[in-house]
Each structure stands twice: as C-alpha cells, then as structure tokens.
There are 2 protein chains.
Amino acid sequence: MWHTGAVVSRAEARERTTARILEAARVQIAESGASALSTRAVAREVGLVSSALFRYFPTRDALLTALIAESYRRLGDTLDAVPRHRSPARRWTATALALRAWAREHPHEFQLIYGTPVPGYAAPPDTVPLAAAVARPFLEAGAREPVAGFEKVAAQMSELREVFDVDPAGGAAVLAELAALLGAITLELGGHFVGTADPADELYAALVARQVRTLGLR
Amino acid sequence: MWHTGAVVSRAEARERTTARILEAARVQIAESGASALSTRAVAREVGLVSSALFRYFPTRDALLTALIAESYRRLGDTLDAVPRHRSPARRWTATALALRAWAREHPHEFQLIYGTPVPGYAAPPDTVPLAAAVARPFLEAGAREPVAGFEKVAAQMSELREVFDVDPAGGAAVLAELAALLGAITLELGGHFVGTADPADELYAALVARQVRTLGLR
DNA sequence: ATCAATGTAGAGCACTGCTCTCGTTCTGGT
DNA sequence: ACCAGAACGAGAGCAGTGCTCTACATTGAT
C-alpha cells in the first residue's frame, strides 16, 4: 500500500474497467435486449477503442455469459430476500410473486436467463450452481413432503437430497412447478396471452394457488 | 391457358420465388437458429442478388414474421393430427407428448414461436388465431369441466366459450397447464435441467400425469 | 536499468441489413 | 397495337458489426 489517492494498481484498474464494461453492457441489454448488445457500442460508452474491449472479454459471447451469470445472481438474491413466512404456503406464494415481479421489471435479463439460448451455445457448467440458487427458495418452501407421481423423477435426481435436504419426490414436483411458473411468465412477456388471459395477474394467481394445493402446502 | 410447360405468369413466378425464399430461410433457421438468419445468405441460396430479396420481404423482420407464422401452422397441424382418443385423459397425454416431440425435433422453430421475441417487436395480431390453433387440441381434450380456483380468470376470458365451446374455468386451467408444458420444454431445450432432471422424460411424464389429475380428466 | 507482461490505438477484413439507381421485362388500359 | 407504368433483377454503396493484427506506451518485477 505505497500509493494513495487516485493512483491505483494495475489490477485495480483492470477490475474497475471490467466492472464499467459490465455495467454499460447491462444498461444496453436492459434497453433493447441481448441481440442488440454491441461490443463497439459498449466500448464507446466506456471510452475505449473497439479493439481494447477484447482484452477484457475475448469474445462477445464471453461478455454475454458474464451478464447471464450476473442476472442469475440478481434473481437469486431477489428471491432470497423474500421473507420466510412461517407458513410454507405463504412463502411459496410470496416467492412465486417475487419471481414474476422481477421478470416484469427486468424482462430482458429474464430472457437472458430463460430465453432462447445463443446459437452455438452450450450451457457452461458454472451456471448450474447459479440455477440452483434460483431454485433453492422454491425448494425450501415447497418440497416438504413427497408428492405422489414423482417418485421416478426423484430417483433420477437423488443427489438433490444431499445438497438441499429436501424430500426428493417433493423436490421433483417443485421443479415441475417452477417450470410452470417460468412458462407462464415467458408466455406473458412474449405477449402470448393477448386476447385471452391478458393481463395475466389472475391467471398467475390461480396457478400459484393450484400449486399450493398440489404440493400439499399449508 | 394459352401457355404450357415452363412459361409462367408473373404472379406465379413471384409466388414460387417467395416459396423458395421461405424454404431456404427455414433450412437456415433449422440449422442454426433465428439469430443466424441472413438475408444475404438466403438470397445467395435462392440465386438472387442480395438486394432483390427485399422485393419479396421488405425487411429481415418481415421474413422472420412469415417464418413464425409458418412454424405456428406446422405445430398446430402436428397437434391436430394427434388421434382423438375416446378418453380425454389419453388424448391430453398424447397431445402433450406430441408437443414435446415436435419441440425436440424442431427446437429452433419452437424457439421462434415461444423463445425470446425480437427486439423492437410487438406481437402481430394475425398470430393470435395461430396461437389459438395450437391451444385448441388442448382445450378440446382438457376443458371438460370447470376447475376450482380459475373462476376469476374465466370471467376475464369469457369470449373463449363463444369460440371454442368449452367450459371457461376449465379453459383457463388448461391455459395454465399449457404454459406449464411450454415452460418445461423451454427449460429442457435450454439445458436448464442438466444436473437435475436430465433427460427430462420422467419429469415430463410425471408433469402430464399430474395435469390429468388436476384437470379432472378420465 | 532491463525486460516481459499488460494495455491502448488504429487500420483492416469479412460480413451484415438495407438503400438507391440503373436497365430490362412484363402487364393492363386504351 | 401501342405505350405508360409497374414489377423485377443487378450492382454499387453506406453504415454498422465482431474480431484480428500490428505498432506503440506504460507498468511491475527482477
């Protein structure tokens, strides 16, 4: 720590620039979606020449991947901040509503996670724990007891018990219900409910209530 | 009918070229997704100079929209071809399985319909009947009787009864369950089940079985 | 003081969606 | 039968993209 004031070490400067790049990219995505993310525009925003950006992210996809991870974390944190009601039914409901609210507030980030994957893309393995962080609040709230009909799925994903200490058959059912929530939100964001259940508030509420019954929550 | 053989009217030629463009575009999308669709590449394939293609589709988005409509129709036809079992439960199951099978066979077309919408996009109103054609087989199979908890949604989408002659509260529940199926398929195609319920056959089967119970099908 | 790592700048490549202009070819109305 | 006008293809061109390569500057460790 020789230096004081504005003088920063090389490592620090790199970190800062990386953070500024990520922020500029996130703003761009929030405005017009992932497909509109331009490395050149980001570089301009940050005050770098276009080629310099590639010292920080070797490829556009790498930048996108970093943003995906960031969005995962943000969503996970949001769901984690949902108060732990005593009643599992209430906690499930609150978590499900928080999920939809976040998706509606950050539609492009939601699409970044659950939307169409990029063309050549294969799910990088480091997103698995991030996806688990999103699922955890739902598992904690919903996987109290086994749910009939999900035994075979439970056998397949038996390692779930080790990580989360939940009932496997309940966990499998929770996973299916999480897919249902994400499906409903995807349709809503995509405008697929126009002409039927739009706005989707009532449908979503009815769906969540049905899940509480199906999962045997009280 | 003066002309025989290869001589064709201008209108016919236009139709044929349009069809060839659509086909080449569909092939391109089936191979590498919508984001990889290049008007120039399509034009090359069809044997047109790049600018000539814009005589047929004024913009890349217009071409994409046409492809979306086509995919909608294909999926609708596929679901329509599912045999009408006597038992609603069996028909629901068969239709749901056909949906997943089609999605796995044509993942990019599925994403075209239900994936991330294009950036500036607003759902063109002419896709509404196409979306309805996809929902119809499910409504016919699943919306036999009212489902408790969906009354308020039913009130919202009362016009459904006029078009489809189904119970509104049953129809609303079916819509929610269709969203669940699409959500599960979206997660599967996106690789989100890796590490848990992958392959997703068992999970999907358990989900469908649960739906049959929830909807009160026999 | 030296030297390799790290960074920036800038030119350049191949590609994209799209526009404009130019000739040609066909069509409908008189 | 003619001819204006629409329809169409060819080609050049523009502004933008992701990304690479080379040349030069700065920094940190030796």
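Because the structure is a prediction, the values reported are computed rather than measured. The sequence lines fix the lettering, A, B, ..., with proteins before strands; numbering per chain opens at 1.
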- Task: Could you check how far CD of A:Glu12 sits from C1' of C:dT6, rounded to whole Å?
- Result: 16 Å
Strictly under 3.5 Å: I want the nitrogen or oxygen pairs between protein and nucleotides 23-28 of chain C, one per line.
from, atom 1, to, atom 2, distance (Å)
C:dT25, O2, B:Arg10, NH1, 3.2
C:dC26, O4', B:Arg10, NH1, 2.9
C:dT27, OP1, B:Arg10, N, 3.1

- Message: Side-chain N or O of B:Ser38 versus OP1/OP2 of C:dC15: is the shortest distance under 4.0 Å?
- Response: no
- Query: Take atom CD in A:Glu45; do more than 12 heavy atoms of anything else shown fall under 6.0 Å from it?
  - Reply: no
- Message: What is the distance, to the nearest angstrom, from the CD1 atom on B:Ile21 to the P atom on C:dG17?
- Response: 13 Å
- Does OP1 or OP2 of D:dC8 have a side-chain N or O of B:Arg14 closer than 4.0 Å? yes
- Message: Can you confirm whether more than 12 heavy atoms, excluding those of A:Glu159, are under 6.0 Å from its CD atom?
- Response: yes
- In whole angstrom, what separates A:Phe54's CZ from D:dT22's C1'? 16 Å
- Query: Is A:Gln28 reaching over with its side chain to a backbone N or O of A:Ser38, donor-acceptor style, under 3.5 angstrom?
  - Reply: yes
- Item | Heavy-atom pair with the smallest gap, counting every atom of A:Gly142 and A:Leu215 | O-CB, 4.3 Å
- Indicate whether the side chain of B:Arg210 and that of B:Thr214 have a donor and an acceptor atom separated by less than 3.5 Å. yes
- Message: Show, in sequence, the C-alpha distance, side-chain angles and deciding distance for B:Glu177 and B:Gln211, and conclude whether the side chain to side chain donor-acceptor pair (under 3.5 Å) test is met.
- Response: CA-CA 7 Å; B:Glu177 297 300 357; B:Gln211 293 183 322; 3.0 Å; yes
- Query: Atom CZ of B:Phe57 to atom C1' of D:dA7: distance rounded to whole Å?
  - Reply: 16 Å
Between the protein and nucleotides 8-10 of chain C, list the N/O to N/O atom pairs that are separated by less than 3.5 angstrom.
from, atom 1, to, atom 2, distance (Å)
C:dT8, OP1, A:Tyr56, OH, 3.2
C:dT8, OP2, A:Tyr56, OH, 3.4
C:dT8, O4, A:Arg55, NH2, 2.9
C:dA9, OP2, A:Val49, N, 3.4
C:dG10, N7, A:Ser51, OG, 3.4
C:dG10, O6, A:Ser51, OG, 2.7

- Query: Are the side chain of A:Arg84 and the backbone of A:Asp80 linked by a donor-acceptor contact shorter than 3.5 Å?
  - Reply: yes
- Item | Short side-chain to backbone donor-acceptor contact, B:His106 and B:Trp102, under 3.5 Å | yes
- Would you classify A:Arg40 as touching base, sugar-phosphate or nothing, given that sugar-phosphate means primed atoms plus P, OP1 and OP2, and contacts are heavy atoms under 4.0 Å? base
- Assess A:Arg136 against A:Phe164: is NZ or CZ under 6.0 Å from the centre of the six-membered ring, and within 45 degrees of the ring's axis? no
- Message: Under 4.0 Å, counting only non-hydrogen atoms across every strand here, what does A:Leu37 touch: a base, just sugar-phosphate, or nothing?
- Response: sugar-phosphate
